[in-house]
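The next block holds one structure in the form of structure tokens; read it before the comments.
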Amino acid sequence: MIERIDTGIRSSKIVKHNGVVYLTGQVADGDTIQEQVRTCLGNIDALLEQAGSSRDKMLRVTIWLADMKDFDGLNEVWNDWVPTGHAPARACGEAKLARPELKVEFIVDAAYS
């Protein structure tokens, strides 16, 4: 069975299937990469909780940066947020994001029970 939560015209905020929760891409406003990352990670925590999961159950995270020069700033916040011993598989690359003010987008897959 597939469960879709907060479904809109283009996407669902959460999709659950076969023990895996898929979150829609998370972006945020903010002047710095650190501000945007903190907001995105807070949103991810809330969505994972809503889906019956948590950050220690993340399987894979894909991170898109508008500019790879923000890689260190991303990791400043990320490294404190990821639970010790529960780091997901992670990929990070550079991409043109949907709006010019966006610096980062996160795509998260996690287990749930």
Note: Met1 and His17 closest approach over all heavy atoms is O-ND1, 3.4 Å
If you group Ile, Leu, Val, Met, Phe, Trp and Tyr by side-chain heavy-atom gaps below 4.5 Å, do Tyr112 and Met58 land in one group?
yes
Around Arg4, counting heavy atoms of other residues, nucleotides and ligands shown, do more than 12 lie under 6.0 Å from its CZ?
no
Give the intermediate values and the outcome of side-chain contact (heavy atoms from CB on, under 4.5 Å) for residues Ile33 and Leu65.
CA-CA 9 Å; Ile33 185 67; Leu65 290 169; 3.9 Å; yes
Check whether any side-chain heavy atom of Ile14 sits under 4.5 Å from a side-chain heavy atom of Val21, and report yes or no.
yes
Inter-residue atom distance Lys69.NZ - Leu74.CG, 0.5 Å rounding:
14.0 Å
Between Leu41 and Val77, is any pair of side-chain heavy atoms under 4.5 Å apart?
yes
Here the pair of heavy atoms bringing Val82 nearest to Ala87 is CG1-CA, 3.6 Å
Are Val61 and Tyr22 connected in a single hydrophobic cluster, I mean Ile/Leu/Val/Met/Phe/Trp/Tyr linked by side-chain heavy atoms less than 4.5 Å apart?
no
CD1 of Ile63 to SG of Cys92: how many Å apart, nearest 0.5 Å?
5.0 Å
Taking Trp81's backbone N and O only, do any of them form a donor-acceptor pair with Arg55's side chain (distance below 3.5 Å, no angle check)?
yes
Heavy-atom donor-acceptor pair, Glu49 side chain to Ala46 backbone, under 3.5 Å:
no
Give a yes or no answer on whether the side chain of Lys13 reaches the backbone of Thr7 with a donor-acceptor pair at less than 3.5 Å.
no
Please give me the minimum heavy-atom distance between Pro88 and Arg60, naming the atom from each residue.
CB-N, 4.0 Å
Scanning both residues in full, the closest heavy-atom pair of Leu23 with Ile107 reads O-CG2, 4.4 Å
Is the backbone N or O of Phe71 less than 3.5 Å from a side-chain atom of Glu76, with the two atoms forming a donor-acceptor pair by type?
no
Worked verdict on Ile44 versus Leu47 for side-chain contact (heavy atoms from CB on, under 4.5 Å):
CA-CA 5 Å; Ile44 290 166; Leu47 289 170; 5.7 Å; no
Verify whether one side chain among Lys57 and Ser113 offers a donor that lies under 3.5 Å from an acceptor in the other.
yes
Residues Leu102 and Ala28: closest non-hydrogen pair is CD2-O, 3.6 Å
Can you tell me if Ser12 uses its side chain to pair, donor with acceptor, with the backbone of Val15 under 3.5 Å?
no
Side-chain heavy atoms of Arg90 within contact of Trp78, under 4.5 Å
yes
Answer with yes or no whether the side chains of Glu105 and Gln26 bring together a donor and an acceptor at under 3.5 Å.
no
Are the side chains of Asn43 and Phe106 in touch, meaning some heavy atoms are under 4.5 Å apart?
no
Would you indicate whether the side-chain heavy atoms of Thr32 and Lys103 approach each other to under 4.5 Å?
no
Quick one: does Ile5's side chain get under 4.5 Å of Lys16's, heavy atoms only?
yes
So, does Gln36 use its side chain to make a donor-acceptor pair with the main chain of Asp29 at under 3.5 Å?
no
Would you indicate whether the side-chain heavy atoms of Pro83 and Asp56 approach each other to under 4.5 Å?
yes
